[in-house]
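To start, the structure under review is shown below, and the notes come after it.
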Protein chains: 4
Amino acid sequence: MKGKTISQIQLGDRASFQKTITETDVYLYAGITGDLNPAHINESYAKNTFFQGRIVHGILTSGLISAVLGTQLPGPGTIYISQDLKFHAPVRFADTIIAEVEAIEIVVEKNRVKFSTVCRNQNEEVVLSGIATVMPPK
Amino acid sequence: MKGKTISQIQLGDRASFQKTITETDVYLYAGITGDLNPAHINESYAKNTFFQGRIVHGILTSGLISAVLGTQLPGPGTIYISQDLKFHAPVRFADTIIAEVEAIEIVVEKNRVKFSTVCRNQNEEVVLSGIATVMPPK
Amino acid sequence: MKGKTISQIQLGDRASFQKTITETDVYLYAGITGDLNPAHINESYAKNTFFQGRIVHGILTSGLISAVLGTQLPGPGTIYISQDLKFHAPVRFADTIIAEVEAIEIVVEKNRVKFSTVCRNQNEEVVLSGIATVMPPK
Amino acid sequence: MKGKTISQIQLGDRASFQKTITETDVYLYAGITGDLNPAHINESYAKNTFFQGRIVHGILTSGLISAVLGTQLPGPGTIYISQDLKFHAPVRFADTIIAEVEAIEIVVEKNRVKFSTVCRNQNEEVVLSGIATVMPPK
């Protein structure tokens, strides 16, 4: 139960996780975070917005990136330093999202690795992108 | 149920939300995101780590920032463009976190506002900081 | 709040419980158990499998058997000794499952009762069968 | 996202998953399955029982076995044929349970593998044991 150390990670290494995001996920997430924005939990409101229906919290989706970094690459023992996120497109209820990370910079002396982080939906559309910086386990 | 438009926002405007983060929150979040990192759900493992016990997913905490932006300032109708996050310190089960946002840049012609975003625990320790860029409702 | 003692149970005694299993049940169960098998939480993956869509965790369904044994027959105070399970057919989201137990062997001197345990869906199809051995309350 | 085929599995192959089981897990599981046995959700009742407090549903713990079989060994695409379970000792709230499976019989012509399945708590005590029969993905 220990992730990869920095010497075990190569530029270009990749890992991913995917999941269908449901109404259940969104409703529980609303309770956990207090983000009761009507765009997420009020269909009467949301159907009259630009997106024409309730959408998933953008920042919920970023949790799938953390799932990959913390359980696969580098995996357990990783310390999360920073994450930049750009929200490109809405995630709708029942969309299947794949979060993929790829090692793009390795700084051995600081024990830091940068990963590009991208989330796509079932139509290969990028919904979220960014850069994560982490410290792999020693 | 409409948030503030850009003309109703001033530099220095602030809003916040706070919540005690529980074991329940963390366990539900693990299921929502698939983030089963043992640092969050395995006390036998976690007590032997640097943090000496299970900690909250760092990116769970960022949801409280989204809660402020989407429900208070600017509020409903806001479109989230980007969020940068720096993780400074762990959040432990039962910590009470306050997320605060402050308008630091207003670009009227692009309808964009930048907010500094900070999360602190009950001891005033910064656990998370960053910058959000949003489009307020028109 | 005490179940039936062994002297109050006859061969052929039956009890049952039924419930519609929802997407919510499956998603929460995935988090509780860590069973993120894509057959259960990834529709893009699951629609291309033999079952042509997400299915319920087989072992989730077995919980309805435990519900009957622990709350009705024998009821509170029962100690669960063993359970054999055969998975016959998938349970799909929104299926209504009835779990039924029937006393098939009573060993008074050991205070042990065996029950046949069967779960059927709304079309009377057997999805799960097996044998439970329990100690009724004294 | 495909598990190991039968030709990729050797006798003695092992995999495991571990998790701290919480009150949250037990309460959600009670709702999912309808197993409202007071031994699990009624402390006033449970403190006067042999176990002197609420305990985890025995059959909840078996879900960790399914998690290993369905996500690791053999992994995605596995069809669960049967599972025998023996309940040896109670699981208490906040116990950390490790579920481990080990390939003990491989029948290539039928595409069936038997695994011994054991769950232990943080004190190395066996709480659940049994045998799983599965069909690995082809």
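What you see is a predicted model; the values in this text were computed from it and never measured. Naming: A, B, ... by sequence-line order, numbering from 1 per chain.
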Enumerate by number any residue of residues 38-68 of chain A whose heavy atoms lie under 4.5 Å from heavy atoms of chain B; in the absence of such residues, state 'none'.
-> A:P38, A:N42, A:Y45, A:I59, A:L60, A:S62, A:G63, A:L64, A:S66, A:A67

In residues 73-91 of chain A, which residues are in contact with chain B at a heavy-atom separation under 4.5 Å?
-> A:P76, A:G77, A:Y80, A:I81, A:S82, A:Q83, A:D84, A:L85, A:K86, A:F87

If you round to the nearest 0.5 Å, how far is CG of A:L36 from OH of A:Y27?
-> 10.0 Å

Value for OG1 (A:T133) from CD1 (A:I131), rounded to nearest 0.5 Å, stands at 7.5 Å

Looking only at heavy atoms, the pair that brings A:C119 and A:I97 closest together is CB-CG2, 3.9 Å

Sorted by number, residues from residues 17-24 of chain A in contact with chain B (heavy atoms, under 4.5 Å) | A:F17, A:K19

Closest non-hydrogen contact found for A:Q72 with A:S16 is NE2-O, 2.9 Å

Would you be so kind as to tabulate the donor-acceptor pairs closer than 3.5 Å made by side chains of residues 101-112 of chain B, with sequence neighbours excluded?
from: B:E102; atom 1: OE1; to: B:R14; atom 2: NE; distance (Å): 3.3
from: B:E102; atom 1: OE1; to: B:R14; atom 2: NH2; distance (Å): 3.2
from: B:N111; atom 1: ND2; to: B:P136; atom 2: O; distance (Å): 3.0

Nearest-0.5 Å distance that lies between atom OG in A:S7 and atom CD1 in A:I9 = 8.5 Å

Using a cut-off of under 4.5 Å on heavy-atom pairs, state which of A:V26, A:D35, A:L69 scores highest against chain B.
-> A:D35

Does A:N123 use its side chain to pair, donor to acceptor, with the backbone of A:E125 at less than 3.5 Å?
-> no

Please confirm whether the backbone N or O of A:I6 pairs with a side-chain atom of A:K138, one donor and one acceptor, at under 3.5 Å?
-> no

Is there a side-chain contact between A:D25 and A:Y29, using heavy atoms and a 4.5 Å cut-off?
-> no

From A:E124 atom CD to A:Q122 atom CD, the distance as rounded to the nearest 0.5 Å = 9.5 Å

